[in-house]
Novice: 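Quick one: the structure is below, questions incoming.
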Number of protein chains: 2
Amino acid sequence: MSNFVAVKTGNIKNRKYHTIQDYIRKRIQTGKYPVGSYLPSENEICGQFGTTRTTVRKALDELLKEGFIEKEQGKGSKVLERRKSLGLLTVKGFSGSIDYKVKTVVTKGPKITEWNPVIAFSLTEEEKKSNCVYFQRVRYINDRPVVLENNWYASNELQLIDSDAFIEGSFFKTLSQNHFIEVMGAEQELRSIPASKEVAKNLGIQEGSPILHISVRFRTSKPGLNLYGDLYCNTTDYPIRNSYFL
Amino acid sequence: MSNFVAVKTGNIKNRKYHTIQDYIRKRIQTGKYPVGSYLPSENEICGQFGTTRTTVRKALDELLKEGFIEKEQGKGSKVLERRKSLGLLTVKGFSGSIDYKVKTVVTKGPKITEWNPVIAFSLTEEEKKSNCVYFQRVRYINDRPVVLENNWYASNELQLIDSDAFIEGSFFKTLSQNHFIEVMGAEQELRSIPASKEVAKNLGIQEGSPILHISVRFRTSKPGLNLYGDLYCNTTDYPIRNSYFL
DNA sequence: AAAAACAACTTGTATGTACAAGTTATAATT
DNA sequence: AATTATAACTTGTACATACAAGTTGTTTTT
């Protein structure tokens with residue numbers, strides 16, 4: 001580490017602060033810097049990389065922007081549970097509150113298939129050339145099914161991952177820890193629709209009940225890889241929440 | 001400007017970069033730096049404020065974070081239409097696309113009233129002590145009503161603004177330009193519900209149809225001022241959209 | 001007139017220094 | 001032992017300098 005030299009080739013990936021950012025992010029993703037722990041101090045990181053504090057601070061500010069850490073003057077940089085800091089729509093009962101019993105059941109395990117025309121976003125040309133991986137999940141709160149979720153992604157950008165290999169049952173956590181892939185953005189479309197027969201059956205409600213339908217495309221840190229989702233939510237007892245702060 | 005001196009009193013509002021940030025933001029809000037135009041260069045701003053580029057860049061980076069500008073190497077900092085850059089839920093037809101005819105009609109003009117218990121978020125103690133301003137709007141796309149919207153805010157934090165005084169019919173634009181108040185965050189809750197008699201009447205749909213109900217609390221740049229909203233959306237033809245990027 | 005080369009200008013990255021402001025640990029006092 | 005004062009440590013702000021990399025305008029060449 002102490003022999004680190006920035007290569008000035010015009011490729012920003014070789015920029016010093018980027019390399020430091022990537023190094024720290026990877027250690028967070030792999031649990032070397034666990035959630036809740038404090039990173040080494042800025043001066044310590046300076047020593048490790050043989051660079052100035054300005055450069056280290058730039059790397060840390062980028063990690064702050066990505067939602068990996070929060071900083072406090074005099075105290076240090078603390079690793080965050082990243083998902084919580086994104087402006088994603090989440091089910092109220094899935095907030096980590098200790099009052100609810102939550103679980104996710106994979107009802108259709110990942111398999112290679114063709115793209116489903118129900119996907120609300122237009123595919124890239126590269127995606128169209130590829131088959132996709134598809135899987136389905138149902139999320140429960142207090143043993144009640146509240147979300148039926150279909151997921152797709154291009155199989156030529158990311159291999160099929162068996163749901164048995166999902167870390168703590170979480171697909172996103174698996175991407176982060178095993179593949180170093182992060183969600184970097186999303187587009188979402190919301191509609192209120194009557195529950196179809198299939199949705200009603202999976203969510204244990206009456207056909208025709210109002211259901212929140214969310215179509216989503218997640219942009220990831222891996223170029224070319226988008227994750228598509230189609231969610232059907234029963235919001236009777238648990239609304240969908242979203243928050244963001246500048 | 002050239003005699004500017006930072007006051008080191010521990011109050012970050014007196015920090016140099018903050019003052020520069022505030023100055024530029026105000027000029028954006030008042031149209032002195034119109035949307036689409038380029039700010040003075042970093043070196044020019046250095047000259048204006050008698051400070052270093054590091055400090056100016058810090059101010060610009062904060063404006064970037066707030067969504068007021070975008071920066072491009074070699075070109076400059078361009079003023080953005082801010083609303084577009086926030087992760088807010090918006091109606092698809094309100095995206096500024098030239099294909100739709102949009103309008104907003106104030107169906108109940110702003111008046112002082114008591115807080116409505118339908119508000120989904122708990123009020124602060126200060127808010128509870130105050131009356132509130134309430135108004136209602138209906139948004140149309142191609143002459144079809146698509147959103148019925150109720151709004152409230154504490155009247156002791158912000159005076160009643162007559163809807164005739166809304167700039168271009170927009171409450172938020174009025175806050176920004178006349179009061180220098182910006183939305184800095186939001187919490188939203190989404191439910192799918194059957195349309196009540198009132199909602200159905202306002203949206204011209206059948207009672208009991210699935211409706212997207214959005215409760216929202218906007219956090220603003222003015223301490224103590226929150227804006228509460230209750231929206232009922234007919235998503236049949238125009239879904240609600242949301243996107244964000246890190 | 002059009003294309004290429006060059007200069008001027010703009011933002012991006014990195015170095016280094018210094019002091020401010022906050023947190024935590026240690027030492028001194030009661 | 002508990003409280004207070006001090007020191008050590010941490011992040012925040014600002015100054016200054018230098019070079020890189022991109023955009024735009026001007027000049028030179030074809």
Novice: Atom NE2 of A/His18 and atom P of C/dT13: how far apart are they, to the nearest Å?
Specialist: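 Atom-to-atom, A/His18 to C/dT13, this comes out as 8 Å.
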Novice: Expressed as a whole number of angstroms, how long is the span from A/Glu62:CD to C/dG12:C1'?
Specialist: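 Rounded to whole Å, this separation is 12 Å.
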Novice: With respect to the side chain of B/Glu72, which nucleotide from D/dA20, D/dA14, D/dT23 is positioned closest?
Specialist: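 That would be D/dT23.
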Novice: Taking 4.0 Å as the cut-off, does a side-chain nitrogen or oxygen of A/Arg57 come that near to OP1 or OP2 on D/dG12?
Specialist: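 The answer is yes; a side-chain N or O of A/Arg57 sits under 4.0 Å from OP1 or OP2.
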Novice: Using a 6.0 Å distance limit plus a 45 degree cone around the ring axis, check whether B/Arg82 lies over the aromatic ring of B/Phe68.
Specialist: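 Because its charged atom sits under 6.0 Å from the ring centre and within 45° of the axis, B/Arg82 does stack over B/Phe68.
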Novice: How about B/Asn150 and B/Tyr134: does a side-chain donor come under 3.5 Å of a side-chain acceptor?
Specialist: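 Yes, side-chain donor-acceptor contact under 3.5 Å.
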Novice: Side-chain donor-acceptor pair under 3.5 Å between A/Thr220 and A/Glu182, yes or no?
Specialist: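 Short answer, no.
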Novice: According to a strict under-4.0 Å criterion, is B/Lys71 in side-chain N/O contact with OP1 or OP2 of C/dG12?
Specialist: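 Affirmative; the distance criterion is met.
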Novice: To the side chain of A/Gln73, which of D/dA21, C/dG22, D/dA14 is closest?
Specialist: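 Of the candidates, C/dG22 comes closest.
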Novice: Please tell me if A/Thr55 has a side-chain N or O lying less than 4.0 Å from either OP1 or OP2 of C/dT15.
Specialist: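 Yes, because at least one side-chain N or O of A/Thr55 sits under 4.0 Å from OP1 or OP2 of C/dT15.
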Novice: Could you check how far CZ of B/Phe49 sits from P of D/dT13, rounded to whole Å?
Specialist: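 Going from CZ in B/Phe49 over to P in D/dT13 covers 17 Å.
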Novice: Over 60° means perpendicular and under 30° means parallel, so classify the ring planes of B/Phe172 and B/Phe218, tilted if in between.
Specialist: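 It falls in the perpendicular class, over 60°.
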Novice: Within the structure, does a side-chain N or O atom of A/Thr54 lie under 4.0 Å from either OP1 or OP2 of C/dT13?
Specialist: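 Result: no.
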Novice: Rounded to whole Å, how long is the line connecting atom CZ of B/Arg53 with atom P of C/dT10?
Specialist: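 My rounded result for the distance is 10 Å.
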Novice: Can you see whether B/Phe180 has B/Lys26 sitting over its ring - NZ or CZ less than 6.0 Å from the centre and within 45° of the normal?
Specialist: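 The answer is yes; both the distance and angle limits are met.
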Novice: How close or far is atom C1' of D/dC9 from atom CG of A/Leu39, stated in whole angstroms?
Specialist: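 Roughly 16 Å, once rounded to whole Å.
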Novice: Report yes if at least one side-chain N or O of B/Thr51 is closer than 4.0 Å to OP1 or OP2 of D/dA14; otherwise report no.
Specialist: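 So the side-chain polar atoms of B/Thr51 never come under 4.0 Å of the phosphate oxygens OP1 or OP2 of D/dA14.
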Novice: Is the phosphate of C/dC9 approached by B/Ser41 (side-chain N or O, under 4.0 Å from OP1 or OP2)?
Specialist: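 So the side-chain polar atoms of B/Ser41 never come under 4.0 Å of the phosphate oxygens OP1 or OP2 of C/dC9.
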Novice: Calculate the interatomic distance between B/Gln21 atom CD and D/dT13 atom C1'; express it in whole Å.
Specialist: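 The answer, rounded to whole Å, is 14 Å.
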Novice: Do any side-chain nitrogens or oxygens of A/Lys58 fall under 4.0 Å of OP1 or OP2 in C/dT13?
Specialist: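 For A/Lys58, the contact criterion (side-chain N or O under 4.0 Å from OP1 or OP2 of C/dT13) is met.
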Novice: Atom OH of A/Tyr38 and atom P of D/dT11: how far apart are they, to the nearest Å?
Specialist: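 Distance check: A/Tyr38 OH to D/dT11 P gives 10 Å.
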Novice: Between A/Thr52 and B/Lys75, which residue's closest nucleotide on DNA chain C lies nearer the 5′ terminus?
Specialist: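 So the residue in question is B/Lys75.
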Novice: For the pair made of NZ in B/Lys78 and P in D/dT24, what is the distance, rounded to whole Å?
Specialist: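 Interatomic distance, NZ of B/Lys78 to P of D/dT24: 11 Å.
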